[in-house]
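First comes the structure, then the notes that go with it.
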Amino acid sequence: MAENKAAVRDLTVKEGFQLSKFLVKWEMILVYILILINLILAVARPGLYFNIGTIQSIIQSGLDLSPMVMGMVFVLMLGDIDVSIASNMVLSGMTTGLLYQNGTPGIVAVLAGILTGAVCGAFNGVLVGYVKMPAVIVTISTSMLFRGIVEIILDVNSLKNFPAFYNAIGWRNWWIFPICMVLYIIITVIFYFILHRSTFGRKLYIVGNNPVTAQYSGIRVERVKLIVFILMGVMAGIGSIFFVGRMGGGLSSSMGTGYEMDTIAICVLGGVSTNGGKGKVYGPFISTFIMAFLLYTLGLIGVDANTRKIVTGIVLLIAVLIPSVNRQLIADVKLKVLYKNNKNIEALNVKTAAEVKELKAEIARLRKSGDPDGKIRKAEERIVSLQNTCKEKTAQMKAELEENARKNKERFS
Amino acid sequence: MKKVFGYRNIGLVFGLIGLMILAGIITPSMFSLNTIISMLRNNAVYVFLAMGMMVVLVTGGIDLSVGSILALSGVVCTSLMSSHMEIPNFVWVLLSLVIGIICGAFNGFVVGYLKVVPMIATLGTMYIYRGFAFLLSGGNWWFPHQISEGYQAWAGKQILGVPSILWIAAVVFLTAYWYLSYRTTGRRIYAIGTNVESAKVAGIKEARVRFLAFVICGALAGISGMLYTANYAMCTYTIGDGYELQAIAICILGGVSITGGRGTVDGVFIGWLMMSVITQFISLLPGLSVWQKALQGAIIIAAVFLNIAMARSSEKRFLKERGALL
């Protein structure tokens with residue numbers, strides 16, 4: 001018989017689809033938030049909302065940093081961070097602009113720009129992966145370095161000549177969809193397959209969860225880090241296309257400051273843990289749109305750009321706080337507030353609650369089977385008596401505690 | 001002699017001396033007394049930010065919101081001062097401290113008690129405080145004629161030929177040294193940064209120490225906001241943008257470990273001197289002012305690289321010595 005066999009560990013970790021679990025997933029919560037924001041917008045400005053042009057322009061305005069979000073997901077997945085992406089983006093945009101201005105064909109100039117991003121990313125990656133410097137320090141200094149290079153070359157000038165399709169990405173639509181959104185969906189699908197459907201993606205999770213284990217299980221952690229940072233650089237290069245297109249085809253050295261923080265904020269809101277090893281591609285995908293809609297809605301209500309920063313900050317804080325509100329925290333708070341820091345009282349209450357729960361489950365079962373013996377009433381009486389004894393004992397213990405405290409005070413005063 | 005070379009920050013000192021010799025040869029004008037004092041005065045604000053940042057870095061955290069706290073306290077103090085000139089000026093120092101402490105306490109609460117990763121928590125509060133600074137300033141600028149003499153004197157009054165902001169900075173340095181080396185709470189900060197688990201076993205309350213570190217950092221950032229506006233006699237809500245990175249850079253130059261547990265007040269002092277000399281040196285070279293950011297970035301990378309290389313080689317030497325013993 002199957003039951004008598006020695007338990008073989010089932011390595012196929014496949015949970016069945018559970019609707020109740022699916023509905024409270026973080027990504028689903030993000031969807032609810034997105035819908036909520038949409039509803040608010042629809043109610044507050046129906047004339048504006050039910051107009052395809054508005055929706056298109058909201059999406060276009062929010063997606064100028066979208067490629068970098070995907071790159072950042074990978075970097076955060078490793079437990080690292082990259083704050084040099086905004087500078088990297090401006091540097092690769094500048095490369096494209098300079099080459100294009102001097103008569104290089106558009107496609108070559110764009111590829112050169114993306115290559116610049118990749119080289120910058122590789123620089124970060126070597127320092128983080130092989131030299132083993134902390135990612136924060138490396139990328140803070142390279143963010144100064146890259147922007148410094150842009151300042152040296154551009155000084156106070158700005159670049160005006162960019163390939164024509166830049167403008168299309170920032171402002172045009174393909175049928176009813178904004179072009180940038182179509183591109184973003186394509187990028188997301190590619191990254192989805194890399195992260196969730198390839199061995200490289202699994203390696204990322206392992207490295208993020210525990211680099212030492214990863215090293216011992218034969219993953220070349222240094223190389224994985226280097227590849228991820230190069231990928232981040234490439235995405236920053238692609239991001240420069242979106243960004244410059246959105247900026248109307250102009251670029252100067254002071255542009256795009258703070259984009260690295262916005263990108264990280266979107267990733268964190270999307271459920272990617274900054275400790276590494278946790279997160280999905282579709283979470284940040286949804287939260288990009290949340291940010292776009294949220295900022296636009298606030299703008300419509302009449303909140304100005306700088307005050308919107310407060311909202312960004314608060315949203316970010318709440319997003320990181322929600323997962324940390326768990327059972328342990330609630331138990332700790334209860335222990336402090338209700339049980340006067342006494343573990344005995346806590347244990348008594350927890351035990352009683354468990355017993356009561358069991359009895360209630362039994363009552364429900366009895367009700368179903370239509371039991372006429374009066375067992376239900378007995379169980380109910382038992383619950384009441386249990387609760388009463390628990391209350392009495394708690395009160396007694398608390399009184400004892402107070403008594404002890406008073407005595408101690410008297411003794412030592 | 002041995003003691004001199006056994007000094008932890010000896011590499012930094014040599015770096016500083018080398019840099020000064022180089023600067024002295026190329027731009028001799030740098031070493032007049034006036035230039036030095038003005039150089040130190042211009043960089044004095046970083047002392048407060050870097051000291052606070054060091055305390056947080058030692059616990060293993062990071063505080064990205066110091067630049068925004070600086071702006072918030074600067075805006076509040078300046079705006080109130082320009083409309084209430086009759087209030088004595090020491091009130092603004094206290095007010096800036098209080099603002100800093102409140103902001104820092106919020107950071108500390110979120111990091112210490114709610115257990116949010118410091119980088120993300122302070123990233124969020126960085127936005128929030130900067131936003132409040134804008135709200136309270138209403139986007140206005142304050143110019144020297146709106147800022148009273150007495151207020152400016154907190155930074156600019158000459159005492160024995162040295163501006164008062166430098167005296168305050170010196171006091172902060174000495175207090176920090178005394179506090180971190182000789183006080184129980186100061187040592188606890190190092191204990192938490194070195195090894196959280198063993199510190200907990202030893203009975204140190206982790207949350208409380210982290211909270212305290214952020215409060216110290218916030219208070220110093222708050223007072224630096226008031227001193228910034230007094231020093232430059234101008235204020236708007238964008239002041240101190242990016243200063244958090246500068247402060248971190250100074251700490252890193254000064255040998256503070258970003259993973260916690262390591263970092264000394266004298267190291268940060270040397271790091272601060274180095275950063276000031278670099279900035280001043282570059283600004284004195286003709287046509288090189290656009291190079292400032294790139295050079296700073298490159299120098300920090302090089303410094304950290306050297307730091308790590310030296311630490312590794314000493315570790316190797318240590319292992320070799322042990323091997324010889326066995």
Side-chain angles (χ1 to χ4, degrees), chain A residues 76 81 83-84 87 123 127 131-138 140-156 253 257-258 260-262 264-265 267-268 273-275 303-321 323-325 328-329 332, chain B residues 57 62 64-65 68 106 110 113-135 137-139 237-238 241-242 244-246 248-249 251-253 257-259 288-305 307-309 312:
Chain A
L76 291 180
I81 199 163
V83 291
S84 72
S87 312
F123 185 65
L127 289 180
V131 187
K132 297 200 172 54
M133 284 155 71
V136 187
I137 300 178
V138 171
I140 282 176
S141 10
T142 50
S143 76
M144 288 160 112
L145 182 65
F146 298 155
R147 200 173 281 280
I149 293 171
V150 177
E151 278 177 8
I152 292 169
I153 296 175
L154 280 189
D155 207 347
V156 291
S253 65
T257 46
E260 65 276 10
M261 300 301 177
D262 293 343
I264 295 168
C267 285
V268 172
S273 156
T274 43
N275 286 332
V303 182
D304 65 284
N306 281 290
T307 320
R308 269 179 255 165
K309 273 191 176 173
I310 302 183
V311 178
T312 316
I314 292 173
V315 166
L316 182 62
L317 273 188
I318 292 174
V320 286
L321 272 179
S324 72
V325 178
Q328 188 54 47
L329 187 77
D332 283 349
Chain B
L57 286 178
I62 195 166
L64 296 175
S65 68
S68 300
F106 183 69
V110 175
Y113 292 98
L114 299 182
K115 311 250 182 305
V116 176
V117 186
M119 172 166 289
I120 301 302
T122 53
L123 182 63
T125 53
M126 177 179 98
Y127 284 119
I128 296 174
Y129 300 153
R130 180 74 63 182
F132 277 124
F134 171 78
L135 271 188
S137 75
Y237 72 97
T238 53
D241 203 8
E244 57 276 351
L245 298 187
Q246 282 279 350
I248 296 170
C251 286
I252 294 166
L253 265 184
S257 157
I258 201 131
T259 46
L288 269 191
S289 59
V290 283
W291 284 69
Q292 189 157 328
K293 220 171 209 171
L295 278 179
Q296 271 176 358
I299 286 168
I300 295 167
I301 293 181
V304 179
F305 183 74
N307 223 338
I308 286 181
R312 277 203 198 130

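Because only heavy atoms are used, hydrogens play no part in the values below, and waters and symmetry mates are left out as well, while side chains stay in. Quantities reported herein were computed from a predicted structural model and do not represent experimental measurements.
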Under the salt bridge (charged side-chain N to carboxylate O under 4.0 Å, His left out) rule, what pairs show up with a residue in residues 116-128 of chain B, not counting sequence neighbours? none
Hey, could you give me the CG/CE distance between B:L64 and A:M261, rounded to the nearest 0.5 Å? 5.5 Å
Closest heavy-atom pair, B:I301 versus A:M133, reported as atoms and distance to 0.1 Å, is O-CE, 4.0 Å
Contact class of B:F134 relative to chain A, heavy atoms under 4.5 angstrom: side chain
Can you tell which part of B:L123 gets under 4.5 Å to a heavy atom of chain A, answering side chain, backbone, both or neither? both
Quick one: of B:T125, B:V117, B:I120, who has the most non-hydrogen atom pairs under 4.5 Å with chain A? B:I120
Working note: B:L135 + A:I310, criterion side-chain contact (heavy atoms from CB on, under 4.5 Å); need CA distance, chi angles, decisive distance, verdict. CA-CA 10 Å; B:L135 271 188; A:I310 302 183; 3.9 Å; yes
What part of A:L317 is in contact with chain B, defined as an atom under 4.5 angstrom from a non-hydrogen atom: side chain, backbone, both or neither? side chain
If you count heavy-atom pairs under 4.5 Å between each of A:I137, A:I314, A:T142, A:I264 and chain B, which one has the most? A:I137
Heavy atoms of other groups near B:F106 CZ, more than 12 under 6.0 Å: no
Honestly, the part of B:F305 sitting under 4.5 Å from a heavy atom of chain A is both
Please classify the contact of A:I152 with chain B as side chain, backbone, both or neither, using a heavy-atom distance under 4.5 Å. both
Chain A contact via B:Q246 - which portion, at a heavy-atom distance below 4.5 Å: side chain
For each of A:L127, A:I149, A:V311, A:V131, tally heavy-atom pairs with chain B at distances under 4.5 Å, and name the one with the top tally. A:V131
